[in-house]
Engineer: 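This is the structure I want to talk about, given as structure tokens.
Letters go in sequence order (proteins before strands), and every chain restarts at 1.
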There are 2 protein chains.
Amino acid sequence: MVTIYDIARLSGVSKSTVSRVISNHPHVSAETRSKVLNIMQQHQYVPNSLAKQLRQKQTKSIAILVPNLNHPYFSQLVSYLSAACYAKGFKTVVHQTFSSKQIEIDVYTQLQRNEFDAIILASSSTLSEEEVAAYTENKLVIACNEDYSGTYFDVFCLNEEEVTMKATAYLLNKGISKLGFCSDYIDSPLQQARLKGFISAHDKKGLNYNKDFLFNHISTIEDGIKLGEKIFHEHLEIEGIIAGSDFVAAGLIKSAVNNNIQIPQYFSIIGFDNHPISLVTSPQISTISNCIQEMTTELVDHVIRKMNGSKQTPIKKVYNGEVIIRGSC
Amino acid sequence: MVTIYDIARLSGVSKSTVSRVISNHPHVSAETRSKVLNIMQQHQYVPNSLAKQLRQKQTKSIAILVPNLNHPYFSQLVSYLSAACYAKGFKTVVHQTFSSKQIEIDVYTQLQRNEFDAIILASSSTLSEEEVAAYTENKLVIACNEDYSGTYFDVFCLNEEEVTMKATAYLLNKGISKLGFCSDYIDSPLQQARLKGFISAHDKKGLNYNKDFLFNHISTIEDGIKLGEKIFHEHLEIEGIIAGSDFVAAGLIKSAVNNNIQIPQYFSIIGFDNHPISLVTSPQISTISNCIQEMTTELVDHVIRKMNGSKQTPIKKVYNGEVIIRGSC
DNA sequence: TTGTACGCGTTATCAA
DNA sequence: TTGATAACGCGTACAA
């Protein structure tokens, strides 16, 4: 392997000069620069990033933490985050926690060991905010998508509570009052926010919701199908449901069709995320749009700024989702 | 920041001994070991991975190259690959090329600069095999999912040609002979293999295919819908289609429904990948299963072995997909 | 504009 | 079982 020292020797200059050429420093004569560049080309010199990283204590890489990448929402989120990072000269290390506390802690350890410059926590943590903060002290962590408090680290998320309230109110106002609610992990800040919105919409109308109709651990198409079978076979008294995701909604619709339940006449459904799948079911899925593109772009901008800049108190930025009415309600 | 040297000083031993403790080397007395471990705990010492990586010329990270992560197939593929790497103690850096040659070359440059130990090329390259080999000489590259030759680097892929031939033959044998074929990027080895299978099924029956019915750049639900509108509005003489993906198939079905075209009576569809979406359309989608789990596990095992072991001639491993008949044909 | 000399934090080699 | 010392390849004050 040819090193910076070899290039220096072959060019008849010092390491420092070669280094300056590599880094595009000024104060190098045009003559020297071209001479060095020539030698570099001739010998196919490639700088070693590890040495540079060690010296500068910067890896130019950012870790993204998600529960699972094999998922229509998270894959989209990571796609945008990763692209935004790349645009700023950073590469992204993807970590799937599969909701394992051990894996999550592993990642925080890697952060402490300087294996990346920051973590984007793009999901709920299996730890409390305080614990996360403790594991990552003096390092940079940003929460994306989850409704954290904003006291320990910066937060970028959707107005989950408000928009869920709006969607729920839409159904209630149509006289559809026996409602169900699906979540993947009900303990996460995101799902808690949605649940709050679901409840407060009931409160405003002076209605009660049925705790038996809060379904947890529902996240895939298959889960939606199974839940539908349960609802329609056991003849649960549910008239509508906030589905948690468009994929779950698609499964529910499929199950309703199988059981000859007319949608929206006898059963109403609202999904989440405005995924293209909501266009191909019959009927099409009413859903809630997110602001992934805007959110991820601004988040990454913020991370980069913060990496160079000074410490400041955390910020929390909230984006507005919107209810989109189609055929399923 | 507390370094290995600080720990050595505070423990009253040398750097070397501390290093041995960290690395779980033998030949350290139990007494010394526990003493050092104590000091490390007290001062919350965390080793710096960058220094270790520089010294050992190993990053314990592997890059995965895909065109786009916001995609039902690639997100699944990366999910499995990433999980398999993690299980072997490697982290994964995800790079989306968006089919940009420049971005792809960037990644190869990073490989040369030792920013990761290997690349898994999980898609078609924008470069020829020779070019990729040239950019990555002396480094480790493995192809996943694409039907490369196996002369320049190791290849793990599906029997795309054979299985596409079977699917095509299934339709032809039912008397459905005016067939279309969708691809995302027709120039990729994968799509070329599928096309070969499509054609050879026709050849075996002594039939011709219509070149006007080879549709390129079709990959999303929306693309499928648009293509359906074109087919049904312009009354193209197509009786069936090999859709390239279940998402495209879902879009086509939606469009057929919109235009009152009965499936499979008047139009047949076969998708790819056996994604859960094939369960929620009406009718359900006939499709082709892949072997992602087996393929990715064996591939990662192979990468790891090869990283430690000696050079050997590349291998090519082919997995068998299967045609799954449901309602759409 | 260029060169000298040192430091980044760790592991590997060799000798004791 | 331990320690001294030399790498690993590069960036950067500081001096010239």
Side-chain angles (χ1 to χ4, degrees), chain A residues 1-37 39-40 43-60 109-117 138-139 308, chain B residues 1-37 39-40 43-61 89 109-117 138-139 308:
Chain A
M1 158 179 277
V2 39
T3 74
I4 197 175
Y5 184 75
D6 299 322
I7 301 299
R9 193 168 35 77
L10 292 164
S11 313
V13 298
S14 75
K15 276 197 317 180
S16 334
T17 302
V18 178
S19 177
R20 290 189 189 101
V21 171
I22 295 170
S23 313
N24 270 317
H25 261 280
H27 302 304
V28 176
S29 74
E31 189 188 7
T32 312
R33 165 161 285 135
S34 73
K35 184 173 61 184
V36 171
L37 284 174
I39 302 284
M40 277 168 44
H43 295 78
Q44 307 207 41
Y45 166 71
V46 186
N48 184 324
S49 294
L50 290 177
K52 175 175 176 170
Q53 287 170 21
L54 172 61
R55 187 58 232 252
Q56 307 198 138
K57 298 183 184 308
Q58 247 224 48
T59 60
K60 287 284 184 181
T109 304
Q110 293 186 16
L111 179 67
Q112 295 292 4
R113 296 187 176 192
N114 291 301
E115 304 194 15
F116 19 80
D117 302 334
N138 306 324
K139 302 284 180 174
N308 310 322
Chain B
M1 159 179 275
V2 37
T3 74
I4 198 173
Y5 185 75
D6 299 322
I7 301 299
R9 196 169 33 77
L10 292 165
S11 313
V13 298
S14 74
K15 279 195 308 181
S16 329
T17 302
V18 177
S19 176
R20 290 188 190 101
V21 171
I22 295 170
S23 313
N24 269 317
H25 263 280
H27 302 303
V28 175
S29 76
E31 190 187 4
T32 311
R33 164 161 286 135
S34 72
K35 183 173 61 183
V36 171
L37 285 173
I39 301 284
M40 277 170 42
H43 295 78
Q44 307 208 41
Y45 165 72
V46 186
N48 183 325
S49 294
L50 290 177
K52 175 175 176 171
Q53 287 170 21
L54 172 60
R55 187 59 232 239
Q56 305 196 140
K57 297 180 183 309
Q58 247 224 48
T59 60
K60 287 283 185 185
S61 76
T109 305
Q110 293 187 14
L111 178 67
Q112 296 291 4
R113 296 186 175 189
N114 292 299
E115 303 194 16
F116 18 80
D117 302 334
N138 306 322
K139 303 283 179 176
N308 309 322

Engineer: Is there a donor on the side chain of A/Lys15 or the base of C/dT4 sitting less than 3.5 Å from an acceptor on the other?
Structural biologist: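 It does not, because no donor-acceptor pair links the side chain of A/Lys15 to the base of C/dT4 below 3.5 Å.
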Engineer: Quick one: how far along DNA chain D does chain A reach, first to last nucleotide 5' to 3', anything under 4.0 Å to a heavy atom?
Structural biologist: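 The protein-touched segment is D/dG9 to D/dA13.
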Engineer: Flag the pair A/Ile4 / A/Pro47 as yes when at least one side-chain heavy-atom distance between them is below 4.5 Å, and no otherwise.
Structural biologist: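 A/Ile4 vs A/Pro47: side chains apart.
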Engineer: Show your reasoning for whether side-chain contact (heavy atoms from CB on, under 4.5 Å) applies to A/Leu111 and A/Glu115.
Structural biologist: CA-CA 6 Å; A/Leu111 179 67; A/Glu115 304 194 15; over 6 Å; no
Engineer: Considering only heavy atoms, which members of residues 18-29 of chain A lie under 4.0 Å from some atom of DNA chain D?
Structural biologist: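 Those residues whose heavy atoms fall under 4.0 Å from DNA chain D, taken from residues 18-29 of chain A in numerical order, are A/Ser19, A/Arg20.
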Engineer: Give the residues of residues 2-10 of chain A touching DNA chain D, defined as any heavy atom closer than 4.0 Å, sorted by residue number.
Structural biologist: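 Within residues 2-10 of chain A, the residues near DNA chain D are A/Thr3, A/Ile4.
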Engineer: May I ask you to say what B/Lys57 touches in the nucleic acid, namely base, sugar-phosphate or nothing, with a heavy-atom cut-off under 4.0 Å?
Structural biologist: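 Since only primed, P, OP1 and OP2 atoms lie under 4.0 Å of B/Lys57, the category is sugar-phosphate.
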Engineer: Whole angstroms only, please: what is the CG-P distance between A/Asn114 and C/dC8?
Structural biologist: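 Distance, rounded to whole Å: 14 Å.
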Engineer: When you measure from the side chain of B/Ser23 to the backbone N and O of B/His25, does any donor-acceptor pair fall under 3.5 Å?
Structural biologist: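 Not a single qualifying donor-acceptor pair exists.
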Engineer: Sequence neighbours excluded, which residues qualify as side chain to side chain donor-acceptor pair (under 3.5 Å) partners of B/Ser11?
Structural biologist: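 B/Ser11 satisfies side chain to side chain donor-acceptor pair (under 3.5 Å) with no residue once adjacent residues are dropped.
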Engineer: Within a strict 4.5 Å, meaning less than it, do heavy atoms of the A/Lys52 and A/Asn48 side chains meet?
Structural biologist: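 SC-SC contact between A/Lys52 and A/Asn48 ruled out.
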Engineer: Please figure out whether B/Arg33 or B/Ala51 has its closest DNA chain D nucleotide nearer the 5' end.
Structural biologist: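 Its nearest nucleotide lies further toward 5', so the answer is B/Arg33.
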Engineer: If we fit an axis to the first five pairs and another to the last five of the helix from C/dT1-D/dA16 to C/dA16-D/dT1, what angle do they make, to the nearest 10°?
Structural biologist: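 End axes: 30° apart.
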Engineer: Can you list the steps and then say if A/Tyr45 with A/Ile22 is a side-chain contact (heavy atoms from CB on, under 4.5 Å)?
Structural biologist: CA-CA 11 Å; A/Tyr45 166 71; A/Ile22 295 170; 3.6 Å; yes
Engineer: Is A/Thr32 near enough to C/dT2 that one of its side-chain N or O atoms lies under 4.0 angstrom from OP1 or OP2?
Structural biologist: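 Answer is yes, contact under 4.0 Å.
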Engineer: Under 4.5 Å between any side-chain heavy atoms of A/Asp6 and A/His43, yes or no?
Structural biologist: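 A/Asp6 vs A/His43: side chains apart.
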Engineer: What is the distance, to the nearest angstrom, from the CG atom on B/Leu50 to the P atom on C/dG9?
Structural biologist: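 In whole Å, C/dG9 P and B/Leu50 CG are 10 Å from each other.
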Engineer: Would you name the heavy atoms of A/Ser14 and A/Ala8 that are closest together and state the gap between them?
Structural biologist: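 Smallest heavy-atom distance, with atoms named: C-CB, 3.7 Å.
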Engineer: Go through it in stages, so that I can follow the logic: the residues are B/Gln58 and B/Gln53, the test is side-chain contact (heavy atoms from CB on, under 4.5 Å), and I'd like the CA-CA distance, side-chain angles, deciding distance and then a yes or no.
Structural biologist: CA-CA 5 Å; B/Gln58 247 224 48; B/Gln53 287 170 21; 6.0 Å; no
Engineer: With sequence neighbours excluded, give me every salt bridge (Lys or Arg N to Asp or Glu O under 4.0 Å) pair touching residues 13-31 of chain A.
Structural biologist: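 Residue pairs passing salt bridge (Lys or Arg N to Asp or Glu O under 4.0 Å), neighbours aside: none found.
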Engineer: So does B/Arg55 reach the base of C/dT10 with its side chain, donor to acceptor, closer than 3.5 Å?
Structural biologist: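 No, the side chain and the base share no sub-3.5 Å donor-acceptor pair.
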Engineer: If the cut-off is 4.0 Å, is A/Gln56 near the phosphate of C/dC8, judged by side-chain N/O to OP1 or OP2?
Structural biologist: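 No, no such contact exists.
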Engineer: Say whether A/Ser49 and B/Asn114, considering side chains only, have a donor N or O and an acceptor N or O under 3.5 Å apart.
Structural biologist: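 Absent: no donor and acceptor within the cut-off.
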Engineer: Hey, does the side chain of A/Asp117 reach the backbone of A/Lys60 with a donor-acceptor pair shorter than 3.5 angstrom?
Structural biologist: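 Side chain of A/Asp117 to backbone of A/Lys60, a donor-acceptor pair under 3.5 Å: yes, one is there.
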Engineer: Run the side-chain contact (heavy atoms from CB on, under 4.5 Å) check on B/Gln44 and B/Val2 step by step: do they pass?
Structural biologist: CA-CA 8 Å; B/Gln44 307 208 41; B/Val2 37; 5.9 Å; no
Engineer: Can you tell me the distance, in whole Å, between the NZ atom of B/Lys52 and the C1' atom of C/dA12?
Structural biologist: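 Rounded to the whole Å, the gap is 13 Å.
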Engineer: Compute whether any side-chain donor of one residue and acceptor of the other, for B/Ser29 and B/Thr32, lie under 3.5 angstrom apart.
Structural biologist: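 Yes, B/Thr32 and B/Ser29 have a side-chain donor paired with an acceptor closer than 3.5 Å.
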